[in-house]
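Notes follow once the structure below has been shown.
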Number of protein chains: 2
Amino acid sequence: MKHEDREIDGRMAHFEEVCRTEGVKLTHQRMEVFREVAVRGDHPDAESIYEGVRQRVPTMSLDTVYRTLWLLSDLGLITTLGPSRERTRFDANLQPHHHFVCVRCGLTRDFHSDAFGDLKLPKSIESMGRVERTHVEARGICTECAKKKTEIGTIATKKKKK
Amino acid sequence: MKHEDREIDGRMAHFEEVCRTEGVKLTHQRMEVFREVAVRGDHPDAESIYEGVRQRVPTMSLDTVYRTLWLLSDLGLITTLGPSRERTRFDANLQPHHHFVCVRCGLTRDFHSDAFGDLKLPKSIESMGRVERTHVEARGICTECAKKKTEIGTIATKKKKK
DNA sequence: TTAGGTGCAAATTCTTTGCACCCTG
DNA sequence: CAGGGTGCAAAGAATTTGCACCTAA
């Protein structure tokens, strides 16, 4: 697994660099939380990350894990699966369709595309399972948010500027 | 908006039919909750659906909205955006990549595809906003869950069979 | 040294559940 | 009329926050 280790090392190095340039302290806890997310390929939730880190840092608390995860997210070092910091949302459109998602405000709108009907999936996917349908998520900034321009930077940046 | 109205009517009809065949009672509340989700194109959360329905059915309670939404989801009449009934999950992979998601257990694994690098988006998306990146979600049943076969039907079916 | 970071515990927020009455089939 | 469905209130889960002590820079 030489390749994977190198990948992790690269992520750790990037993490440390971003923390330094953003003026965020490199604590033991933060390194372990980031490492846990970086090493695991299963996209764990906060609780699961907490359990993993606790084996190495028994004093770690769950609230620090949460604080750290959102910090990392604000720094652009990690992302969330699905809507971030939002409640579950529902969709009554059963037709095959795709979503445009605004990464700033969460606006989500359907769009259709015949071209996306039969995307050719790589063979690597066969070992994971049988795919029943594919769905494309186009992420960007919606028209409304774009109007507001650079009104606000990232939360992390705001904090730093104090 | 002739076309849209027809689409909604079709969804309502399908909803009523499924309820009948599944032996689920067609209550005023359920119809209004389903209609609210069907009519709105913004994929609302439970609270928002609650507010919308309450204007027509002032006695509606939030817990009924939740119960109804999960029932509709079990019946396959609606779906959720992102992970269903799950906590937020994190991803440290910053490289452009895609996900295979098991709709049964939630297992999520990365996969890569050069072909998906530059999907041609329909022009209809331009009015929504500026797309920065696209991400493909391949949904299906993972190898592990497939082994377990038809061990369990849908929750709705289970309920019905009592 | 010192401002930011952490752990603890309490507070919030979101969602689910028990129960008695109500309404669809 | 019977059994599922609903509203209410209270419980539970997940996540956030206030505060005093701790530690990286």
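On a predicted model such as this, the values are computed, not experimentally measured, just so you know. Chain A is the first sequence line, chain B the second, and so forth, proteins listed ahead of strands; every chain is numbered from 1.
- When each of T59(A) and L62(B) is assigned the nucleotide of DNA chain C bearing its nearest heavy atom, the one mapping closer to the 5' terminus is T59(A).
- Projected onto DNA chain C by closest heavy-atom contact, M60(A) and D63(B) fall at different nucleotides, the more 5' of which corresponds to M60(A).
- Taking atom CG of residue L71(A) and atom P of nucleotide dT16(D), one finds them 13 Å apart after rounding to whole Å.
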Between the protein and nucleotides 22-25 of chain D, list every N/O to N/O distance that falls short of 3.5 Å.
from: dA25(D); atom 1: OP1; to: L26(A); atom 2: N; distance (Å): 3.3

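- The two residues T134(B) and F116(B) come nearest to each other via the heavy atoms OG1-O, 4.0 Å.
- Look at W70(A) and you won't find any side-chain N or O under 4.0 angstrom from OP1 or OP2 of dT15(D).
- Between the C1' atom of dT15(D) and the CZ atom of R89(B) lies a distance of 18 Å, rounded to the nearest Å.
- Side-chain nitrogen and oxygen atoms of Q29(A) include at least one within less than 4.0 Å of the OP1 or OP2 phosphate oxygen of dG7(C).
- Comparing dG18(C), dT15(D), dT17(D) against the side chain of R87(B) picks out dT15(D) as the nearest.
- Taking only side-chain nitrogens and oxygens, R85(A) comes nearer than 4.0 Å to OP1 or OP2 of dT16(D).
- In this structure, E47(B) atom CD and dT16(C) atom P are separated by 13 Å, rounded to whole Å.
- Taking every heavy atom of both residues into account, L26(B) and C19(B) meet most closely at CG-CB, 4.1 Å.
- Between F111(B) and H98(B), the two ring planes are tilted [angle within 30° to 60°].
- The side chain of R30(A) has dG5(C) as its nearest neighbour among dC14(C), dG5(C), dC8(D).
- For S61(B), the side-chain atoms get nearest to dG7(D) when compared with the rest of dC14(C), dG7(C), dG7(D).
- Between T64(B) and dT6(D) there is no side-chain polar atom (N or O) within less than 4.0 angstrom of OP1 or OP2.
- Residues L107(A) and C142(A) share a closest heavy-atom pair of CD2-CB, 3.9 Å.
- Rounded to an integer number of Å, the gap from CG of D74(B) to P of dG5(D) is 12 Å.
- Nucleotide dT6(C) holds its P atom 12 Å from the CG atom of L69(A), rounded to whole Å.
- Counting heavy-atom neighbours within 6.0 Å of E132(A) CD, excluding the residue itself, gives a total above 12.
- Rounded to a whole Å, the CD atom of E86(A) is 13 Å from the P atom of dT16(D).
- For Y50(B) and dT13(C), the OH to P distance is 16 Å, given to the nearest whole Å.
- Between R67(A) atom CZ and R30(A) atom CZ the span is 10.0 Å, to the nearest 0.5 Å.
- At a threshold of 4.0 Å, the pair R40(A)-E36(A) counts as salt-bridged, since one of the basic side-chain nitrogens sits closer than that to a carboxylate oxygen.
- The distance between atom CZ of R67(A) and atom P of dA9(C), rounded to the nearest whole Å, is 14 Å.
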